[in-house]
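Just so you know, these numbers come straight off a predicted model, no measurement behind them. All values below were derived from every heavy atom in this structure, side-chain atoms included, with hydrogens, water molecules and symmetry-related copies excluded.
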Amino acid sequence: MHVLSPVLAVSALAAMSVPVHALDAWTIGVERGLPTYALTSEAGEVRLVCDPPNGALVVRFLKDAAPDMVVVLAKSGEQARLPVNNGIAAQASVDAADWSKMVATFRSGGEFALVTSADSLTFETAPLPDLACE
């Protein structure tokens with residue numbers, strides 16, 4: 001009868017375990033007295049400035065420098081369509097229901113994407129239960 005050494009057993013279990021990847025972390029700050037939330041990747045960045053009803057979503061895509069529409073897609077299938085001008089979706093000019101869907105997507109965390117006609121950004125984050133941008 002052959003018995004595995006403890007080191008070999010642990011190594012075998014580690015090799016079989018599912019790889020875990022780190023969640024994308026929001027950078028939370030304050031700019032000019034307003035709460036901000038930012039995500040950055042190699043493909044671009046997104047920044048949410050909370051100042052209801054004057055909040056803004058600022059986006060930068062590497063492949064689509066001047067989109068006129070950004071769709072926020074939650075893994076659940078929920079969608080929020082946000083018109084963009086110079087990389088900014090202003091809360092005051094976005095349909096209130098779409099703004100609320102976007103905030104709910106960010107608040108819930110999980111996997112979501114921001115999509116234009118020519119580019120996309122995908123993130124997976126922890127929930128932001130205290131996000132108050134509506």
Side-chain angles (χ1 to χ4, degrees):
M1 178 180 202
H2 184 10
V3 178
L4 291 176
S5 74
V7 172
L8 188 56
V10 169
S11 297
L13 286 174
M16 292 188 302
S17 66
V18 177
V20 176
H21 62 70
L23 294 176
D24 297 301
W26 288 98
T27 300
I28 301 172
V30 175
E31 291 181 25
R32 297 183 180 168
L34 301 173
T36 62
Y37 302 83
L39 290 169
T40 303
S41 76
E42 294 173 0
E45 62 186 313
V46 59
R47 186 167 47 104
L48 179 63
V49 180
C50 298
D51 183 22
N54 300 307
L57 181 72
V58 181
V59 293
R60 184 181 62 80
F61 295 87
L62 292 183
K63 295 179 185 173
D64 193 357
D68 58 3
M69 179 70 65
V70 171
V71 179
V72 178
L73 300 171
K75 190 170 184 174
S76 66
E78 192 77 51
Q79 298 183 22
R81 297 176 54 83
L82 309 171
V84 177
N85 187 3
N86 293 321
I88 300 172
Q91 182 178 3
S93 62
V94 171
D95 179 77
D98 282 323
W99 186 267
S100 292
K101 288 177 192 176
M102 176 204 61
V103 171
T105 297
F106 295 164
R107 188 181 291 136
S108 299
E111 190 173 352
F112 62 88
L114 290 91
V115 181
T116 72
S117 61
D119 206 352
S120 67
L121 298 170
T122 302
F123 297 101
E124 186 172 0
T125 65
L128 285 173
D130 297 330
L131 181 61
C133 286
E134 296 177 281

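- Atom CG of L48 sits about 10.5 Å away from atom CD1 of I28, to the nearest 0.5 Å.
- With sequence neighbours left out, A25 forms a side-chain contact (heavy atoms from CB on, under 4.5 Å) with no residue at all.
- A104 meets the side-chain contact (heavy atoms from CB on, under 4.5 Å) test with no other residue; sequence neighbours excluded.
- Listed by first then second residue, pairs satisfying disulfide (SG to SG under 2.5 Å) with a partner in residues 55-104 number zero, not counting sequence neighbours.
- Sorted by first and then second residue, the pairs that involve residues 103-119 and meet salt bridge (charged side-chain N to carboxylate O under 4.0 Å, His left out), not counting sequence neighbours, are K75-E111, R107-E134.
- Residue pairs meeting the disulfide (SG to SG under 2.5 Å) criterion with at least one partner in residues 96-125, sequence neighbours excluded, are absent.
- With hydrogens and angles disregarded, no donor-acceptor distance shorter than 3.5 Å links the side chain of D24 to the backbone of T125.
- Between W26 and F112, the ring-plane angle classifies as parallel under the 30° and 60° cut-offs.
- Hydrophobic cluster membership is shared by L128 and L114, with clusters built from Ile, Leu, Val, Met, Phe, Trp and Tyr side chains linked at under 4.5 angstrom.
- The shortest side-chain heavy-atom distance between L131 and V103 falls under the 4.5 Å cut-off.
- Hydrophobic clustering, defined by side-chain heavy atoms of Ile, Leu, Val, Met, Phe, Trp and Tyr closer than 4.5 Å, groups V49 together with L34.
- A disulfide (SG to SG under 2.5 Å) check over residues 26-81, counting only residues at least two apart or in different chains, returns the pairs C50-C133.
- Among residues at least two apart or in separate chains, there is no side chain to side chain donor-acceptor pair (under 3.5 Å) pair with a member in residues 77-93.
- In terms of the salt bridge (charged side-chain N to carboxylate O under 4.0 Å, His left out) criterion, residue partners of E31 (sequence neighbours excluded) are, by chain and number, R47.
- One hydrophobic cluster, built from ILVMFWY side chains closer than 4.5 Å, holds both F123 and L82.
- S108 meets the side-chain contact (heavy atoms from CB on, under 4.5 Å) test with no other residue; sequence neighbours excluded.
- Here disulfide (SG to SG under 2.5 Å) pairs that include residues 51-90, with residues two or more places apart or in two chains, number zero.
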Please list every donor-acceptor pair under 3.5 Å in which a side-chain atom of residues 52-74 meets a protein atom from a residue at least two apart or in another chain.
unit_1: R60; atom_1: NE; unit_2: E45; atom_2: OE2; d: 2.9
unit_1: R60; atom_1: NH2; unit_2: E45; atom_2: OE2; d: 3.4
unit_1: D64; atom_1: OD2; unit_2: T116; atom_2: OG1; d: 2.6

M102 and V94: CA distance, side-chain angles, deciding distance, side-chain contact (heavy atoms from CB on, under 4.5 Å) verdict = CA-CA 11 Å; M102 176 204 61; V94 171; over 6 Å; no

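- The two atoms that bring S120 and V115 nearest to each other are CB-CG2, 4.1 Å, heavy atoms only.
- Between L23 and A126, the shortest heavy-atom distance links the atoms CD1-N, 3.7 Å.
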